[in-house]
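First the structure, in the form of structure tokens, and then the observations on it.
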Amino acid sequence: MTDLVVAPLLVALFTAVATLPLRSARRVQQAVSVAGGVVYLVAVAALVRAVKADGDGYLVYELSNWDAPFGITLVADDLSVLMLGLTAVVSLAALVFSVRGIPAVGQRLSYHPLYHLMVVGVTGSFLTGDIFNLFVWFEVMLMSSYVLVVFYSGPDETRAALHYAFLNLLGSAVMLLSIGGLYATTGTLNMADMAEYLAAAPASQTTPVLGLSAMLFAVFALKAGIVPFQFWVPDAYRAAPAPVAAMLAGVVKKVGIYAIVRLYFTVFAVATLPPGPFGDNATFLAFFGPVFLLMAIGSIVVGGLGAVGREDLDGLLAYSSIGQVGFIVLPLAVAASAVPAAGTAIPGDGIVTLGITAALVYSVNHGLAKSLLFFVSGALSRTLGTVRFDALGGVSERNPALAGSFFIGALALIGIPPLSGFFGKFLVFDVGARAGSWVVLGVALLGAILTIAYFTLAWARGFWGPPSDAVAGAHVDRSFVLVAAVLAVAIVVLGVGFGPLYDLSYEAARSATETQGYVDAVLGGSQ
Amino acid sequence: MRGDLKTIKRASLRSHGVQPEPAVLFAVLALPFVGAALTPLVYRVLGERTAYFAAAVATACLALVLTQYGTHGTVSVEWIPQLGVNLVLYMDGLAFLVALLASGVGVLVFTYSGGYMHGEPGQDKYYTTLLVFMGAMLGVALAADLVALFVFWELTSVSSFLLIGHYQREASSIYASRKSMLITVAGGLFMLVGFLFLHDVTGSFALFDSGASQGIITNAEMVREELSAQGLLLPVVALVALGAATKSAQVPFHIWLPNAMEAPTPVSAFLHSATMVKAGVYLVGRFRPLFVPEEVYIAEVWTPLLVGLGLLTMTVAAMLAVSATDIKELLAYSTASHLGLIVAGFGFAVSYGGEAGAFHILNHASFKAALFLVAGIVAHEAGTRDIGSLSGLRDDLPITAAIATVACLSMAGIPPFNGFFSKELLFEAAWETGAHFGGLWYLVPAVAVFGSVFTFLYSIKFLSLFYGDRPDGLGEVHSPPLAMVAPAAVLGLAVVVISLVPNLAIEYVAGLAYEGVAPGDAHSFTVPWPIPTEVTPYALMSLVTIVLGAALFPFYDRLHGAIGRARRFPYTSPNAYYDGGLAALERASGFVPAYVQTRMFRTYAASTLLAVCALALGGYLVAGTPIPPFGGLDSLTLLGVVGGIPLLVILLVALFGAAAVGIADSHVAGVLTLSILGFMVAIFYVLASAPDLALTQLVIETLVLLIFLLVLDKLPTWYGDLEVREAIPDAIVAGVVGVTVTLTVLVTTSAQPSQNIASFFVENAPIPGEHDPVLIDAGGGGNIVNVILVDFRAFDTLGEITVVAMAALAVLTLVGMRNRGEDV
């Protein structure tokens, strides 16, 4: 059963390798690539079932059979399978889109192997239980995304990719430094082992860990594009081919969020701060709460404000991603500040669990909705050659299905019921209200109003108004419309039947906060 | 206080009500959505006659609603049990009234659309959206769970957005729809926050007891006390009121309503007069028993806030209506004004207020929807909506003129038309409240009269379109089709019937709705028909209103001009704030690329690095991380590094190399000095007994040097002159980064964890003395690093190999894509 843990990663890796030599047979290459996406989805579904069927909800796979904490461990739990599920869905949609959405020459050249290697990196990051191994999968994910961002190789793409690569290389250096530091101070790389050590060690021995984990947090914030680490986002998303932008915004960003939830709420939450500004017996998260809050506010403001004045759809969506990730971090900030004193179990009905649940629900919705919007933008750009608003207009007249899908995606991000996005917003507001925090509520309201402002603008300028000549004469490929429509339906279904998504997110949040369960599952074998 | 004649005591329906039929209520809700889903198909078959399909759906809903007359209670199905959210539907007199309006006016509006929308574009979309709207509105009326209510509430806003933007090529429609969306959806979000506070305090989303959930309104007193105790009474009332005010176009959020007239006229009649805008006042009515205790003259927070809001809106919007130049604009402001009246009515804690609100919901829907349909007929047949160029239409449109006459007199508040009676009740409430507190409180009835004078004025103005001389400029006026006249006539007839037997309308409809808005056991009420026979202060107020209105009407044009001029007074128009706010937002948006996303890597890197340092240093500081003393170079020997003079020399040369990179004035010099640094690091590895690392480093340094030299040709030779004032900030950033990294190395190298996985590797990497033919439990290699790479942590290596492979693919891609032809 535990072998299943490694299956999604292997599927993606094999697909990547298999598509590499198929360059001369375009159709076969595409078929293999899409089939790889389907098999990946099946593998993830099987893994989800296995995790849900497991009594403890943890499946642990030890590579080369070296016991934790010495070898590398893969851990599938409710949190990681939720993220994998999102990945599998968005990735398959992006693959189908790519078949017609990426120039044939590019597909033949390297697109499919690179794409699947990006999925490998993402999958590895979600599954690994080893902090250095996380670094490796980050590198895999980043290396492929560097190439995919620069894919069209024009001047804009080159600059965007340079900035993206350089900033992330800085990030890699910082990550290496902090992981090295963590290894030196805790003597281990295994996350569960580290958590156990931090919980047991006296505060005086673990003091450097707070600074190191703060430094490491910067790296995850960089991946997630949280202010002030958002610089690469707008240009990279604009430069990347639409399905890649959909993956970057929908999934790769969430790797940063996942890492924050996994490492900070599962691992670092158990470490105690020495008595200081946060009182006695506070955990590390007491320090991170205000940090998260400031960064969430910055993201919501910069992203929302930036999106309003954009002249093209891609730019608007890219800035929107900065703002939306702020909405994901906001409930995490409340949750972090609410974590009880070290050594106390985190209650399931408390604000910590609720905050993480909210962030996860929001992440899933953003993953689906934002990738949907990038697909629509990509469909337009592939058909019309541009997504500048002054060249668009009247798309809803010419292509109601595509426009309708965009509308649903936009409404989901605004938070209109009964779409999945409504419950994301709902839970974020609920977290703010329960915490009695007017700051959180005020920022969330401001962000929501900005979201309405820029999406109504996008709709008014791109989809209403008289059809431009380009739009009037355009024929949008059916596969694009299909991909967008399927995601739109998913957003409606997940909203109207919100219960299951809530359960999945809630269980994931529980899993993230039950450090002891995680430690027992991973280290149980070696004791 | 309460005249005997006016009141008959009646047993409350609450105790005697028949339970509503669950299947019927859910069918009422589901029908419009099913109809909407079918509409695109139906449209293919029926074409423009889809209007009658939609009307049939509405009729079915109406019939189902009517079967539930007199029932009272909740029905509920689970929706999201995890969150305690259920789809609870509640039927009482108030819900019945609003559902009646939604489905009843729906029937008329769909029928009317069959004539009005003839030859218009996008009809499939139009009917689909309108049906969705009707479903959502029925949902608002029936939902008794805060979340479910909010769902339908926002759905009405979204459908309104799409319907206002029906003429989607017109800039004015787009402007109007965006404005309505921004204002109503944003207001809705504030309301949601209010709902969440309510939920937080009560632990329930249900408004009324239903199954296991405790109803919020059922336990009003407890909830009120708890809210007060937590200091949340004002926030919750304000947030809920904000939602209602944006939806019901209360000042200063009324500005979206006149623009919303860009929608086709049936939409204006349906959404922006009879139903959607009533959602706000309905909500106020629904929550009234929660916030208004029994037997008081003023409800804390509630009365001042809502009476203030309502009277302000009633007056300001009535004045704006006088300044209108377009008949639909006039009706839009008038709608806002009358909604203000209802809000004020519900705001009063005295029972007359609730009576006024409940009765006026019915009356306003009858006369205002009729007038909108009349306006649509006029615009459609006369080809203009300009008040100045319309007059004397009675000969061209006799039936329409009759309808307009009845409706306008009702709107003006002239007895014995129905609008008079509900306004009279409001005066009563205003007077009772004013007289009870005295002093400045007398302003309340005064303002009510003042606003009503303007209502009288614009009502008579609208009426005058049909009388007087027919201007020469007015072209031929066609006869309207039956599909358009009949619905208007039905509404006109409704006005007449309610006017003839107001007390029956109260007993069977409005009075039951009143029970929904009144705290505790409510009593029905009656009004004196046809005119008040006693001299009361409120009867006098009505008299004053009519006399003043009649006296001022000859000066209508001057008032019209004066208000128009006053509107241009700077800083007073909410519209200016809206437009200015949006413009400011777009300007502010320009700051983001100008100052944040500058596309200058230098800024990006500096900000990123400083943020990293701030986080790390902040962490060290908060945790009180002690800075270990630097043990000198000798401390390195503990780690197995050969110390002494050689080490010192190596490090000094490396330092020199690093400094030289900074001041190098050409690429070649820069690259060469950089490699000095690199090679010194390699030698350091040698001294640290790590020959494999040293070899790797040497290979990398050599390759980097070679590649650099190869591409130097392609780079611009000029580095540019560095100004000192530019260099200083860079130096500071570099310094901070250096300090952070140094500090990190110091604190981490001095840490002594009580465990270390390294010992496991040391023990298990070599070939053990005794072993099986196949090594399973040991690494089986002589070099620990190698064993780690290929065995203990082979998974890492797999990843890194992949990265190398991708680097090769990257080169392939860059070259291939740059040279791609038109082959796409």
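Residue numbering restarts at 1 for every chain, and letters A, B, ... go by the order of the sequence lines. Everything numeric in this text was worked out from a predicted model, so none of it was measured.
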Interface moiety of B/V201 toward chain A, non-hydrogen atoms closer than 4.5 Å: neither
Leading residue by heavy atom contact count with chain A [cutoff under 4.5 Å; candidates B/L812, B/V85, B/L155, B/D791]: B/D791
Part of A/Q230 lying under 4.5 Å from any heavy atom of chain B: both
Heavy-atom side-chain contact between B/M817 and A/L109 under 4.5 Å: yes
Residue selection (most heavy-atom pairs with chain A, distance under 4.5 Å) from B/G165, B/G188, B/S177: B/G165
A/R159 versus chain B, the contacting section by heavy-atom distance below 4.5 Å: side chain
Partner chain A: residue of B/S754, B/G624, B/A794 with the largest heavy-atom pair count (under 4.5 Å): B/S754
Polar side chain donor-acceptor pair, A/W66 to B/N764, under 3.5 angstrom: no
Region of A/L13 in contact with chain B, defined by heavy-atom distances below 4.5 Å: side chain
For the student: nearest non-hydrogen atoms of B/K125 and B/Q168, plus distance: NZ-OE1, 2.9 Å
When A/L148, A/V17, A/T128, A/I449 are compared by non-hydrogen pairs under 4.5 Å with chain B, the top option: A/I449
Geometric class of the B/Y578/B/Y175 ring pair [parallel <30°, tilted 30-60°, perpendicular >60°]: perpendicular
Part of A/F423 within contact of chain B (heavy atom distance under 4.5 Å): side chain
Pairwise side-chain contact, B/T802 with A/M143, heavy-atom cut-off 4.5 Å (strictly under): no
Any donor-acceptor N or O pair under 3.5 Å, side chains A/D193, B/Q755: yes
Which of A/A218, A/G124, A/G309, A/A184 touches chain B most, by non-hydrogen pairs under 4.5 Å: A/A184
A/L445 portion near chain B, given a 4.5 angstrom heavy-atom threshold: side chain
Residue among B/L814, B/T797, B/V745 with most heavy-atom pairs under 4.5 Å to chain A: B/L814
A/S396 and A/F407, any side-chain heavy atoms less than 4.5 Å apart: no
Short side-chain to backbone donor-acceptor contact, B/S589 and A/L305, under 3.5 Å: yes
Ring centre gap for B/F190 and B/W153 strictly below 6.0 Å: no
Among A/L212, A/I414, A/V120, A/T206, residue most engaged with chain B (heavy-atom pairs, under 4.5 Å): A/L212
Chain B contact via A/N133 - which portion, at a heavy-atom distance below 4.5 Å: both
Intermediate values then yes/no, ring pair (Phe, Tyr, Trp, His ring centres under 6.0 Å), B/F792 and A/F70: CA-CA 7 Å; B/F792 292 123; A/F70 309 110; 8.7 Å; no
Non-hydrogen side-chain atoms of A/F429 and B/L189 separated by less than 4.5 Å: yes
B/F150, part contacting chain A, at a heavy-atom distance under 4.5 Å: both
Segment of A/V291 engaging chain B (4.5 angstrom heavy-atom cut-off): side chain
Proximal component of A/V140, with respect to chain B [non-hydrogen, under 4.5 Å]: both
Interchain contact, B/L182 with chain A, by part (heavy-atom threshold 4.5 Å): both
Check against ring pair (Phe, Tyr, Trp, His ring centres under 6.0 Å), B/Y167 and A/W464: CA-CA 9 Å; B/Y167 299 112; A/W464 273 351; over 10 Å; no
Residue B/L162 versus chain A: region with a heavy atom under 4.5 Å: both
Segment of B/A148 engaging chain A (4.5 angstrom heavy-atom cut-off): neither
Heavy-atom side-chain proximity of B/L615 to A/M215 below 4.5 angstrom: no
Region of A/L167 that comes under 4.5 Å of a non-hydrogen atom in chain B: both
Region of A/F463 in contact with chain B, defined by heavy-atom distances below 4.5 Å: backbone
is_close_aromatic(A/H163, A/F231), centroid dist under 6.0 Å: no
Which portion of A/F278 sits near chain B, non-hydrogen atoms under 4.5 angstrom: side chain
Residue part contacting chain B, namely of A/E139, when any heavy atom lies under 4.5 Å: both
For chain A, the option from B/E154, B/E800, B/M806 that forms the most heavy-atom pairs under 4.5 Å: B/M806
Proximity breakdown for A/D130 and chain B, heavy-atom pairs closer than 4.5 Å: side chain
Toward chain B, the part of A/Y111 with a non-hydrogen atom under 4.5 Å: neither
A/T185 and B/T748: side chain donor to acceptor below 3.5 Å: no
Residue B/T744 versus chain A: region with a heavy atom under 4.5 Å: side chain
Chain A contact via B/L609 - side chain, backbone, both or neither, heavy atoms under 4.5 Å: side chain
